Amino acid sequence: MAPVSALLKRCLMSSLLIAFGQSAFAQTAADDIAKYREMIADGNPSELYEMSGEELWKKPAGPKNATLEKCDLGLGPGVVDGAAAVLPKYFKDTNRVQDLESRLMTCMDKLQGIPSQGIIDAKFGAGPKKDMDAIVAYIVTHSKGKKINVSTAHPKEKEMYAMGKRAFFFQGGPFDFSCASCHGASGKRIRLQDLPNITTQEGAALGWGYWPAYRVSSGQFWTMQQRLNDCFRQQRFPFPIYGSDVTIALSMYMAKNANGGMIQTPGLKR
Amino acid sequence: MSDPMRVRATEKDGIVDVKILMKHDMESGQRKDASGKVIPAWFISALNVKAQGKDVFNAQFGPAVSKDPFLNFKYKGAKGDKLVVNWVDTKGDKRTDEATVS
Amino acid sequence: MNQQRRALIKYSAVFGLMASAGLISVAQAEEWNKAAFEGKSLDDVFKSLGASSPDKSSAVTLNAPDIAENGAVVPVGISTTLKAEQMAILVEKNPSTLAAQFFLPAGTEPFVTTRIKMGQTSNVYALVKADGKWSMAVKEIKVTLGGCGG
Amino acid sequence: MKTLMMTSTKHLFLVFLGCGALAISANVSAQQKADPQFEKMMKNSFRAEGIAGLDRIDQDATQKFCSDPIFASSKAGAAKAIEIQKINMATIKQPTDGKYVGDWKSGEAIAQSGRGATWTDTATTPIGGGCYNCHEIDKKEISYGNIGPSLWNYGKNRGYSQEVMTYTWNRINNSKAYNACSNMPRFAHFKLLNEKQIQDLMALLLDPQSPVNQ
């Protein structure tokens with residue numbers, strides 16, 4: 001009992017420090033950052049990616065010289081509107097839960113004859129991943145304004161969610177970080193950037209609902225796969241393989257937690 | 001071959017609001033690559049916008065304009081105006097796109 | 001240095017070509033102001049623009065945030081009640097002071113918004129030329145460090 | 001001003017709620033078991049890249065314990081937390097030259113940098129403390145995080161006694177010696193910062209001349 005009460009006492013002490021230690025200046029800075037974000041919201045360069053993505057979707061490519069227009073992203077062959085709002089999802093033909101990127105790789109393989117390995121191995125923003133970025137921008141733009149509606153009805157979906165939750169809290173690397181280190185509590189910031197609390201519906205919707213996004217600091221459009229990849233890099237973890245289960249499981253955890261929230265993609269992020 | 005621009009132009013009360021997004025790295029000449037070598041400057045240096053064949057806007061950029069440049073201006077015009085947007089960069093690459101005011 | 005000069009000669013050649021092809025208007029090609037864009041200080045740029053020492057004027061509004069979350073993209077706009085024919089954005093502490101300049105023919109509203117890069121916190125100047133006279137507005141924009149920094 | 005006060009109150013309320021959850025310990029008696037399927041997923045989902053080897057997802061006892069926050073905040077977990085803290089306390093070495101306080105200027109630079117130890121870094125990339133990511137330190141830096149408490153006036157408020165010195169030294173070396181699941185990296189344990197760098201960070205907090213204590 002003693003240790004818990006000691007822990008509690010310390011927790012209360014530090015919360016007092018946090019609550020009253022926050023200066024008015026920090027609040028002003030946060031307001032100014034909000035103003036900055038508002039000012040850049042108009043004219044999201046993601047639109048440039050979306051434009052070329054639409055072309056790529058409709059252009060015959062690969063050894064089979066076929067388009068992606070018959071690709072089933074979960075709402076039936078060729079249905080793009082709202083597709084990103086129901087992913088990740090279990091697909092019978094692959095017997096796997098897939099996110100947008102892994103599903104697109106399946107379509108490119110099956111419809112166009114483009115092997116997935118080349119996409120997995122490519123550098124971000126280069127070669128076949130560049131095309132993938134554009135196609136993702138096109139797809140997610142067509143879910144903007146839709147409600148996030150991810151199912152865990154299928155046992156494999158349920159299992160993926162549970163694995164994602166466990167992965168979210170998994171600490172490792174020389175910094176002892178897990179996703180939860182930064183995204184497990186509300187009202188937290190790194191530097192001046194607000195950290196959404198992914199364990200809550202509100203926070204998960206802020207995270208999941210705004211990615212993929214154009215990232216101002218790198219001047220690039222980032223898919224969720226790239227976003228997660230950079231999270232793991234900053235976590236000082238080894239390199240998550242593109243489209244691997246841990247990335248899909250974490251996406252499932254975020255998306256399901258975000259259910260009911262609004263898709264606002266493509267976002268515009270620092 | 002450079003990527004197309006996104007040009008949006010809408011008319012309200014006789015004023016046309018033009019928003020242009022260009023795809024360009026806008027290398028400043030200040031950045032270094034992984035091996036520490038300076039990446040040479042390479043940026044859009046001039047942009048011209050014509051409406052119905054007449055100049056409505058000219059811009060000159062230096063290396064400090066952001067990657068994937070954004071531009072917003074307004075001119076007195078009408079729905080249906082045909083806009084032609086041209087840019088040229090410091091390597092001589094250029095791009096022309098058209099849009100109709102809605 | 002040499003390479004830079006060659007590049008400059010190349011710009012001129014390109015502009016000449018484009019002008020003759022009618023792609024970029026003749027006026028613009030003539031006015032592409034190398035000296036102004038190479039200016040390393042406010043005075044350099046003022047001189048190249050023929051602005052000598054512009055007066056601060058409440059008729060000029062510099063529309064920009066107080067803090068930029070990222071220096072790579074800083075939204076900056078100029079608007080004015082004056083009949084502007086030319087506008088310019090200057091960043092005092094950037095390696096090249098002049099970020100961009102704009103030419104507004106009659107019939108174009110005295111308003112422009114673009115996005116610029118800033119290496120560090122600095123004063124930013126909005127210059128407006130109307131009736132042959134330059135006026136300006138100044139504002140400090142703070143550039144913050146963000147993210148995990150790795 | 002009104003919104004500021006409201007935000008603070010709301011913030012405080014939320015944190016109290018969080019503490020409440022800690023006090024009302026969950027009815028859990030054991031740490032989560034190893035799950036072969038999960039382990040297989042982790043093993044198959046990552047690859048080594050540069051200095052970031054696959055051994056980085058091999059967890060030590062502290063990481064395992066803290067990966068199960070429900071157990072870690074339970075009654076049964078509290079005893080285990082003490083044990084984890086002891087293990088971590090045992091790793092801490094006091095400064096070999098007996099000096100606790102170095103140069104605050106270089107400490108500030110270390111506190112600013114969040115670089116190093118990623119797969120885009122090399123073994124020789126200097127690793128930063130990344131302190132401003134989570135802490136307010138010198139008030140002049142307005143871009144600071146709030147995962148950790150403010151360190152402004154750290155020495156001025158606490159004094160410069162040996163007790164404060166040792167506690168702060170230990171905390172930077174291995175924060176888990178005091179709080180098993182502190183969010184702060186174990187800077188000495190994983191050799192992220194060397195003794196000199198920690199002395200310099202100490203100076204930033206505990207040199208009366210440091211801007212932090214003005």
Side-chain angles (χ1 to χ4, degrees), chain B residues 13-22 26-31 38 40-78 81 84-96, chain C residues 3-4 7-8 10-11 13-15 17-18 21-25 27-29 31-34 36-39 45 70-79 86-91 94-119:
Chain B
D13 302 328
I15 303 289
V16 177
D17 187 342
V18 184
K19 287 174 183 164
I20 304 168
L21 267 171
M22 294 151 257
M26 301 297 285
E27 275 301 344
S28 64
Q30 304 288 326
R31 295 200 315 144
V38 173
W42 179 19
F43 52 90
I44 294 177
S45 48
L47 172 131
N48 168 262
V49 186
K50 286 185 171 64
Q52 302 297 89
K54 230 184 87 201
D55 272 13
V56 287
F57 194 80
N58 278 303
Q60 294 179 359
F61 292 163
V65 170
S66 300
K67 180 174 178 175
D68 297 337
F70 172 75
L71 205 56
N72 180 199
F73 70 92
K74 295 168 181 174
Y75 76 94
K76 289 188 181 68
D81 276 5
V84 181
V85 186
N86 275 296
W87 61 245
V88 60
D89 72 19
T90 52
K91 282 190 185 172
D93 287 352
K94 54 201 174 222
R95 175 87 211 174
T96 304
Chain C
Q3 199 180 4
Q4 206 173 13
L8 285 174
K10 207 171 137 195
Y11 304 161
V14 168
F15 277 113
L17 271 175
M18 292 198 57
L23 280 171
I24 294 273
S25 67
Q28 190 181 1
E31 283 171 19
W32 198 81
N33 199 333
K34 281 175 254 171
F37 281 108
E38 282 177 355
V45 177
N70 197 288
V73 174
V74 184
V76 176
I78 308 175
S79 57
Q86 194 176 342
M87 291 175 165
I89 300 168
L90 281 66
V91 183
N94 268 5
S96 305
T97 309
L98 180 61
Q101 63 165 337
F102 312 98
F103 300 89
L104 317 173
T108 294
E109 298 288 303
F111 162 90
V112 68
T113 299
T114 189
R115 295 170 183 168
I116 58 167
K117 290 178 270 207
M118 289 176 64

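This structure is a prediction, so every number in the text was calculated from the model and none was measured. We name chains A, B, ... by the order of the sequence lines, and we start the count at 1 in each one.
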Given heavy-atom pairs under 4.5 angstrom as the criterion, report whether the side chain, backbone, both or neither of [X] touches chain B.
X: C:V74; value: backbone
X: C:F111; value: both
X: C:A72; value: backbone

Do [X] and [Y] come close enough that some side-chain heavy atom pair is under 4.5 Å?
X: C:R115; Y: B:P69; answer: no
X: C:L104; Y: B:F57; answer: yes
X: B:Q60; Y: C:F103; answer: yes
X: C:F102; Y: B:F61; answer: yes
X: B:M26; Y: C:K117; answer: yes

For the atom pair [atom1] ([X]) and [atom2] ([Y]), what is the distance rounded to the nearest 0.5 Å?
X: C:K34; Y: B:S45; atom1: NZ; atom2: OG; result: 11.5 Å
X: B:K74; Y: C:S79; atom1: NZ; atom2: OG; result: 8.5 Å
X: C:N94; Y: B:S28; atom1: CG; atom2: OG; result: 9.0 Å

Most heavy-atom pairs under 4.5 Å with chain C, out of B:G29, B:G77, B:G62, B:A64, belong to B:A64
For the interface with chain B, which of C:P105, C:A106, C:A88 has the highest count of heavy-atom pairs at distances below 4.5 Å?
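So the answer, after comparing C:P105, C:A106, C:A88, is C:P105.
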B:I15, part contacting chain C, at a heavy-atom distance under 4.5 Å:
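Side chain only.
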Are the side chain of [X] and the backbone N or O of [Y] linked by a donor-acceptor pair below 3.5 Å?
X: C:T113; Y: B:N72; value: no
X: C:T108; Y: B:V56; value: yes
X: C:T114; Y: B:L71; value: no

For B:K19, salt bridge (Lys or Arg N to Asp or Glu O under 4.0 Å) partners two or more places apart
A:D42
Got a sec, which residues hit side-chain contact (heavy atoms from CB on, under 4.5 Å) with B:V84, two or more places apart in sequence or on another chain?
B:N86, B:T96, B:E98
